[in-house]
Enquirer: 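There's a structure below that I have some questions on.
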Amino acid sequence: MPFPVAAGGANYSGNFIPEIWSSKMVENFYDATVLAAISNTDYEGEIKAHGDKVQIRLTPEVTIRSYQKGMNLTVERPDKPKITLEIDQGEYFACVEDDVDKVQSDIKLMDAWSKDASEKMKIKIDTNVLTGMLPDIAATNQGATAGRISGSINLGATGAAVQVTKTNVLDLLVDAGTVLDEANAPESGRFMVIPAWMAGMIKKSDLKDASLTGDTTSVLRNGRLGMIDRFTLYSSHNLNSVLDGGNRCFSVIAGHKMGLTFASQMTEMESIRAKSTFGNIIRGLQVYGFKVVKGEALAKLYVRQ
């Protein structure tokens, strides 16, 4: 018979090795989150503690002017303000490992705990970043008149979200690609994060013909969306969504990872003796920050079912 547990208690068991646990936590986090695929982590190594700041220097833009023989040249000093990446957000977890469970059980829950904690962290941090980055996406890369050059591409706007169907979903993806083309975003390495229902629309569209994606297997058989019009597609439940005119509308994000920088680090991982019971308290803190460093490399589609 297992040792009785007080009301509100839990039967935890297993061994805890902080160094291994911490590395597994970070590894599982990056396996689960879409942020590793849609952002760069160029400055992560510089993060040391909660509240740190990283000064990001941007490449200044040089003006090209027409020349005539004998004219006086206009000399400029190219400069661009720095962007500050602040590591100002944090998430934590804390649980207790009872001494009785540790002695009586040989089941190791380290892997299960790391996977569960990384998934919960992923949901919280993904949601925060995918929502927090929206205000800094270039204005010309969103709305009903998107397109830096054309200004006539409808990506949806508040009160007038684009209704996605299996008939127009591929056209919408192509339109997003055109908007990024006009913004001179790199063609290779583009991504798009879409809700699950939109992924379903793609699978019902003409894309069910495997030859359209260049894949040897139809998406209806293997469930992989692959690459469409230079976009690698990722499905996420954590995109920002709001009720607009009685409809649930989603902010789909597309672009290149050069547009968003993200830094995350598990800065604290420790086991301490509990004061109110016989056991060890295991707790971890993960701090992070993000910044849109190139808004023109990102685009937003405002869509509904």
Enquirer: Using a 4.5 Å cut-off on heavy atoms from C-beta on, say whether the side chain of Lys291 contacts that of Leu260.
Expert: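 No, their side chains stay 4.5 Å or more apart.
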
Enquirer: Kindly give the heavy-atom pair with the smallest separation between Ala157 and Ala144, and that separation in Å.
Expert: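 In terms of heavy atoms, the two residues are closest at CB-N, 4.1 Å.
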
Enquirer: Quick check: closest heavy atoms across Ser235 and Pro195, and the distance to 0.1 Å?
Expert: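 Residues Ser235 and Pro195, closest heavy atoms: OG-C, 4.1 Å.
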
Enquirer: Between Asn168 (side chain only) and Thr165 (backbone N and O only), is there a donor and an acceptor less than 3.5 Å apart?
Expert: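 Looks like yes, one N/O pair under 3.5 Å.
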
Enquirer: Taking only residues two or more places apart in sequence, or in another chain, which ones meet Ser241 in a side chain to side chain donor-acceptor pair (under 3.5 Å)?
Expert: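 Expected list: Arg248.
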
Enquirer: Thr277: which residues meet the side chain to side chain contact (heavy atoms under 4.5 Å, CB included) condition with it, sequence neighbours left out?
Expert: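 Partners of Thr277 by the side chain to side chain contact (heavy atoms under 4.5 Å, CB included) criterion, ordered by chain and then number, come out as Val96, Asp98, Ala274.
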
Enquirer: Does Val242 sit in a hydrophobic cluster with other residues, and if so which ones, taking ILVMFWY side chains as linked at heavy-atom separations under 4.5 Å, directly or through other members?
Expert: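 Members besides Val242, by chain and number: Tyr302.
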
Enquirer: Quick one: list whatever passes salt bridge (charged side-chain N to carboxylate O under 4.0 Å, His left out) with Lys294, sequence neighbours left out.
Expert: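 If we apply the salt bridge (charged side-chain N to carboxylate O under 4.0 Å, His left out) test to Lys294, skipping adjacent residues, the hits are Glu296.
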
Enquirer: Please check if Met192 and Met258 belong to a single hydrophobic cluster, counting links between Ile, Leu, Val, Met, Phe, Trp and Tyr side chain heavy atoms closer than 4.5 Å.
Expert: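 In one cluster with Met192: Met258, no.
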
Enquirer: Check the pair Ile253 / Leu134 against side-chain contact (heavy atoms from CB on, under 4.5 Å), numbers first and verdict last.
Expert: CA-CA 8 Å; Ile253 297 174; Leu134 294 176; 4.0 Å; yes

Enquirer: Which pairs pass ring-ring contact (aromatic ring centres under 6.0 Å, His included) with one or both residues in residues 161-186, sequence neighbours excluded?
Expert: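 Listed once each, the pairs would be none.
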
Enquirer: Rounded to the nearest 0.5 Å, what separation is found between the CG atom of Leu155 and the CD1 atom of Ile153?
Expert: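 Rounded to the nearest 0.5 Å, the CG-CD1 separation comes to 6.5 Å.
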
Enquirer: Could you check whether any side-chain N or O of Asp244 sits under 3.5 Å from a backbone N or O of Gly159, counting only pairs where one atom can act as donor and the other as acceptor?
Expert: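 Side chain of Asp244 to backbone of Gly159: a pair is present.
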
Enquirer: Return the set of residues passing side chain to side chain contact (heavy atoms under 4.5 Å, CB included) with Lys257 (not counting sequence neighbours), or none when no residue passes.
Expert: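 Here no residue qualifies.
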
Enquirer: Are any non-hydrogen side-chain atoms of Asn141 and Leu298 less than 4.5 angstrom apart?
Expert: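 Side-chain contact under 4.5 Å: no.
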
Enquirer: Please identify each residue that fulfils side chain to side chain contact (heavy atoms under 4.5 Å, CB included) with Thr232, with sequence neighbours left out.
Expert: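 Here the qualifying residues are Met227, Tyr234.
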
Enquirer: Any donor and acceptor pair, going by atom type alone, linking the side chain of Gln286 with main-chain N or O of Tyr92 inside 3.5 Å?
Expert: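 A pair under 3.5 Å: no.
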
Enquirer: If you take all heavy atoms of Met133 and Phe290, which pair is closest and at what distance?
Expert: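 Residues Met133 and Phe290, closest heavy atoms: N-CE1, 3.9 Å.
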
Enquirer: Might you work through the side-chain contact (heavy atoms from CB on, under 4.5 Å) test for Leu130 and Ile38, ending with a clear yes or no?
Expert: CA-CA 10 Å; Leu130 291 174; Ile38 71 170; 3.8 Å; yes

Enquirer: What distance do Asn240 atom CG and Lys300 atom NZ have between them, rounded to the nearest 0.5 Å?
Expert: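 Interatomic distance, Asn240 CG to Lys300 NZ, rounded to 0.5 Å: 8.0 Å.
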
Enquirer: What residues, two or more places apart in sequence or in another chain, satisfy side chain to side chain donor-acceptor pair (under 3.5 Å) together with Asn238?
Expert: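 If we apply the side chain to side chain donor-acceptor pair (under 3.5 Å) test to Asn238, skipping adjacent residues, there are no hits.
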
Enquirer: Pairs in or reaching into residues 66-78: which pass salt bridge (Lys or Arg N to Asp or Glu O under 4.0 Å), with residues at least two apart or in two chains?
Expert: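 Sorted pair list comes back empty.
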
Enquirer: Please set out all donor-acceptor pairs under 3.5 angstrom arising from side-chain atoms of residues 170-188, sequence neighbours excluded.
Expert:
unit_1, atom_1, unit_2, atom_2, d
Thr178, OG1, Val174, O, 3.1
Asp181, OD1, Arg190, NH1, 3.2
Asp181, OD1, Arg190, NH2, 2.8
Asp181, OD1, Arg230, NH1, 2.9
Asp181, OD2, Arg230, NH1, 3.4
Asp181, OD2, Arg230, NH2, 3.1
Glu182, OE1, Arg148, N, 3.2
Glu182, OE1, Ile149, N, 2.8
Glu182, OE1, Ser150, N, 2.9
Glu182, OE1, Ser150, OG, 3.3
Glu182, OE2, Ser150, OG, 3.0
Glu187, OE1, Arg230, NH1, 3.3

Enquirer: Going by ring-ring contact (aromatic ring centres under 6.0 Å, His included), name the residues that satisfy it together with Phe250, two or more places apart in sequence or in a different chain.
Expert: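 ring-ring contact (aromatic ring centres under 6.0 Å, His included) list for Phe250, sorted by chain: Trp197.
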
Enquirer: Under the rule for salt bridge (charged side-chain N to carboxylate O under 4.0 Å, His left out), what residues qualify as partners of Lys124, not counting sequence neighbours?
Expert: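 Applying salt bridge (charged side-chain N to carboxylate O under 4.0 Å, His left out) to Lys124 gives Glu91.
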
Enquirer: Quick check against the 3.5 Å criterion: does Asn247 have a side-chain atom that pairs as donor or acceptor with the backbone of Cys249?
Expert: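 Not a single qualifying donor-acceptor pair exists.
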
Enquirer: Which residue, Asn128, Val129, Ile123, Thr127, forms the side chain to side chain contact (heavy atoms under 4.5 Å, CB included) with Ile125?
Expert: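 So the option named by the test is Val129.
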
